[in-house]
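Heavy atoms only: backbone and side chains are in, while hydrogens, waters and symmetry mates are out. The first residue in the sequence is number 1, and the count goes up from there.
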Amino acid sequence: MTTTSPQGRTELLRPDHSPVRVLVVDDEAPLAELLSMALRYEGWEVRSAGDGAGAVRTARDFRPDAVILDVMLPDMDGLAVLGRLRREISDVPVLFLTARDAVEDRIAGLTAGGDDYVTKPFSLEEVVARLRGLIRRSGTAAVRSESTLVVGDLVLDEDSHEVSRGDHSIHLTATEFELLRFLMRNPRRVLSKAQILDRVWNYDFGGQANVVELYISYLRKKIDAGRTPMIHTRRGAGYLIKPGE
């Protein structure tokens with residue numbers, strides 16, 4: 001799925017609303033770290049490996065949604081690694097990185113089951129764009145309205161006012177909805193009672209903290225009841241929402 005971050009950057013998410021997972025396999029540590037940083041900026045969860053054996057082990061545990069795979073690795077050929085990855089996760093899309101520019105080498109990679117390739121040197125923007133395309137085509141990401149806010153498995157549609165957590169729909173009053181929307185627009189950020197009063201009730205803080213506390217308790221009963229808590233209190237500071245852990 002796709003949604004839009006507070007900075008206006010479109011994010012891809014898995015069907016369960018968790019971050020897309022990408023495995024980067026390259027024995028050049030600085031390049032692997034550079035790629036990882038660019039992918040994390042997209043909001044994705046990233047792990048890396050420096051050789052083929054490490055890539056297979058990591059893929060087995062991490063279950064990535066896409067793999068960036070260098071053709072030249074110290075312990076085995078990238079095409080051999082691809083074959084082993086396919087046995088672990090048959091349909092994971094793979095983007096090859098190669099320093100080779102011969103047509104036959106590119107054809108060999110695609111014939112072996114690779115989905116796309118980028119020739120070194122490359123731009124980070126190109127790699128991210130190619131990877132986005134592969135993930136979307138693989139079905140890992142489905143398109144959703146840009147009005148959708150997602151935190152963990154909690155989803156709020158600002159247009160339809162529908163709220164769900166996992167497979168369960170949640171009915172909220174108008175005030176509860178506005179409070180939850182404010183929290184979800186600021187995930188992992190502590191919001192003071194004064195900020196909440198000003199944003200949700202549109203008046204300055206003036207001893208009405210009990211109103212915020214009351215509605216936070218209402219939300220917790222509907223959002224967190226029987227589940228891993230997402231709404232947290234920071235004593236003396238305020239409240240925040242973050243994915244259940």
I170 side, atom CD1; H168 side, atom NE2 - distance, nearest 0.5 Å: 9.0 Å
Donor-acceptor contact present, side-chain R84 to main-chain A80, <3.5 Å: no
Side-chain (D51) to main-chain (G54) donor-acceptor, under 3.5 angstrom: yes
Side-chain touch I241/R189, heavy atoms, less than 4.5 angstrom: no
Stepwise side chain to side chain contact (heavy atoms under 4.5 Å, CB included) test for H161 and L156: CA-CA 7 Å; H161 280 218; L156 180 150; over 6 Å; no
T233 and R220: side chain donor to acceptor below 3.5 Å: yes
Any donor-acceptor pair under 3.5 Å from D224 side chain to I231 backbone: yes
Minimum heavy-atom distance between A38 and L124, given as atom pair plus value: CB-CD1, 4.2 Å
Residue pair V155 / V163, side-chain heavy-atom distance below 4.5 Å: no
Minimum heavy-atom distance A49-L23, with the two atoms named: N-CD1, 4.4 Å
N/O donor-acceptor pair under 3.5 Å between E33 side chain and P30 backbone: no
Heavy-atom side-chain proximity of R47 to S36 below 4.5 angstrom: no
Any donor-acceptor N/O pair, R86 side chain to V92 backbone, under 3.5 Å: yes
Sub-4.5 Å side-chain heavy-atom contact between D116 and F96: no
Side-chain touch L131/L39, heavy atoms, less than 4.5 angstrom: yes
Min side-chain heavy-atom separation V118-E126 under 4.5 Å: yes
Donor-acceptor under 3.5 Å (D75 side chain, G52 main chain): yes
Backbone of L73 reached by a side-chain donor or acceptor of D27 within 3.5 Å: no
Taking every non-hydrogen atom, the tightest pair across P19 and G43: CB-O, 3.4 Å
Heavy-atom side-chain contact between I68 and V25 under 4.5 Å: no
Residue pair L183 / L219, side-chain heavy-atom distance below 4.5 Å: yes
Nearest-0.5 Å distance, CZ of residue R60 to CD of residue E88: 4.0 Å
Taking every non-hydrogen atom, the tightest pair across L97 and K120: CB-CE, 4.1 Å
Donor-acceptor under 3.5 Å (T58 side chain, A55 main chain): no
Backbone of H171 reached by a side-chain donor or acceptor of K222 within 3.5 Å: yes
D167 CG: over 12 foreign heavy atoms closer than 6.0 Å: no
Candidate pair S192 and R234, rule side-chain hydrogen bond (donor to acceptor under 3.5 Å, both in side chains), full reasoning: CA-CA 9 Å; S192 70; R234 293 293 181 262; over 6 Å; no
Heavy-atom closest contact (L154 atom, M184 atom, distance): O-CE, 3.5 Å
Partner of L95 under side-chain contact (heavy atoms from CB on, under 4.5 Å), chosen from V24, V127, V22, I135: V127
Side chain to side chain contact (heavy atoms under 4.5 Å, CB included) evaluation trace for T98 with M72: CA-CA 7 Å; T98 176; M72 301 296 290; over 6 Å; no
Minimal non-hydrogen separation, P64 against A59, with atom names: CD-O, 3.6 Å
